[in-house]
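Here the structure is a predicted model, which is why all the values come from computation and not from measurement.
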Amino acid sequence: MKAKDIERISKALGDPHRLRIMQEVKKNGWMPCAHLCDMIELAQPSVSHHIKQLTDAGLLIAEKEGRNIRYTIDTDVFGGYINFLNSLVEK
């Protein structure tokens with residue numbers, strides 16, 4: 001994983017609303033944006049902004065389902081990030 005990717009992911013995860021979105025997506029699997037708006041009590045434009053940051057960082061996968069888009073965690077990208085963090089503490 002490149003340093004720029006690590007930086008982008010770290011910035012994306014540095015916001016409490018984005019962490020909450022990640023928790024809700026993890027808990028429920030695939031999650032449409034409309035459900036996230038209800039769960040984290042933010043306006044749709046705010047949720048969309050946070051989701052864009054997470055998808056741009058590669059943490060969420062967007063999949064079109066009819067007229068809606070649903071999201072899930074990209075476990076490969078997230079796993080690579082975790083491996084990088086673990087490498088910082090290994091002796």
Side-chain angles (χ1 to χ4, degrees):
M1 187 168 269
K2 297 177 185 175
K4 196 69 172 169
D5 297 329
I6 299 298
E7 179 185 353
R8 191 174 308 122
I9 291 169
S10 296
K11 285 182 180 180
L13 293 175
D15 183 280
H17 295 298
R18 293 182 200 139
L19 289 174
R20 180 79 194 280
I21 288 169
M22 293 293 287
Q23 289 173 327
E24 293 299 330
V25 171
K26 168 69 172 117
K27 183 171 35 172
N28 296 294
W30 288 100
M31 181 72 71
C33 183
H35 288 108
L36 286 168
C37 293
D38 295 338
M39 292 181 154
I40 63 174
E41 298 175 359
L42 286 175
Q44 188 275 327
S46 294
V47 172
S48 292
H49 168 75
H50 291 303
I51 287 174
K52 180 171 178 7
Q53 298 300 312
L54 293 168
T55 55
D56 287 351
L59 293 169
L60 291 180
I61 298 170
E63 183 179 283
K64 192 159 174 89
E65 183 180 70
R67 295 178 59 190
N68 298 313
I69 298 176
R70 60 185 191 165
Y71 300 90
T72 193
I73 294 174
D74 188 327
T75 55
D76 292 336
V77 172
F78 201 71
Y81 181 70
I82 291 169
N83 288 338
F84 169 79
L85 293 177
N86 282 331
S87 74
L88 296 176
V89 295
E90 291 175 352
K91 294 182 179 188

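- Taking every heavy atom of both residues into account, Gly58 and Asp74 meet most closely at O-CB, 3.4 Å.
- Taking each heavy atom of His35 and Met31 in turn, the nearest pair found is CB-SD, 3.5 Å.
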Would His17 and Val47 count as a side-chain contact (heavy atoms from CB on, under 4.5 Å) if you check the C-alpha gap in whole Å, the side-chain angles of each, and the deciding distance to 0.1 Å?
CA-CA 8 Å; His17 295 298; Val47 172; over 6 Å; no
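- Residue Leu42 comes nearest to His50 through the heavy atom pair CD1-CD2, 4.0 Å, listed as atom of the first residue, atom of the second, then distance.
- Taking the side chain as every heavy atom from C-beta outward, Phe78 and Met22 approach each other to under 4.5 Å.
- Leu60 and Ile82 end up in the same hydrophobic cluster when Ile, Leu, Val, Met, Phe, Trp and Tyr side chains are linked at under 4.5 Å.
- Partners of Arg8 according to the salt bridge (Lys or Arg N to Asp or Glu O under 4.0 Å) rule, which considers only residues two or more places apart in sequence or in another chain, are Asp5.
- Following chains of ILVMFWY side-chain contacts shorter than 4.5 Å, one can reach Tyr81 starting from Leu19, so the two form part of one hydrophobic cluster.
- Residues Met1 and Ile61 do not share a hydrophobic cluster, defined by chaining ILVMFWY side chains whose heavy atoms lie under 4.5 Å apart.
- Taking 4.5 Å as the limit, every side-chain heavy atom of Met39 sits out of range of all side-chain heavy atoms of Ile21.
- No side-chain heavy atom of Ile51 sits under 4.5 Å from any side-chain heavy atom of Ile69.
- A continuous path of Ile, Leu, Val, Met, Phe, Trp and Tyr side chains, each step under 4.5 Å between heavy atoms, connects Leu13 with Leu88, placing both in one hydrophobic cluster.
- Arg18 has its side chain out of reach of Lys11: every pair of non-hydrogen atoms, C-beta onward, lies at least 4.5 Å apart.
- One hydrophobic cluster, built from ILVMFWY side chains closer than 4.5 Å, cannot hold both Trp30 and Leu36; they sit in different ones.
- Here Lys27 pairs with Glu24 under the salt bridge (Lys or Arg N to Asp or Glu O under 4.0 Å) rule; sequence neighbours left out.
- In this structure Asp56 satisfies the side-chain contact (heavy atoms from CB on, under 4.5 Å) test together with Lys52, sequence neighbours excluded.
- Closest approach of Leu59 to Ala12, counting heavy atoms only: CD1-CB, 4.3 Å.
- The minimum heavy-atom distance linking Val77 with Ala57 is given by the pair CG1-O, 4.1 Å.
- In this structure a side-chain-to-backbone donor-acceptor pair under 3.5 Å is present from Ser87 to Phe84.
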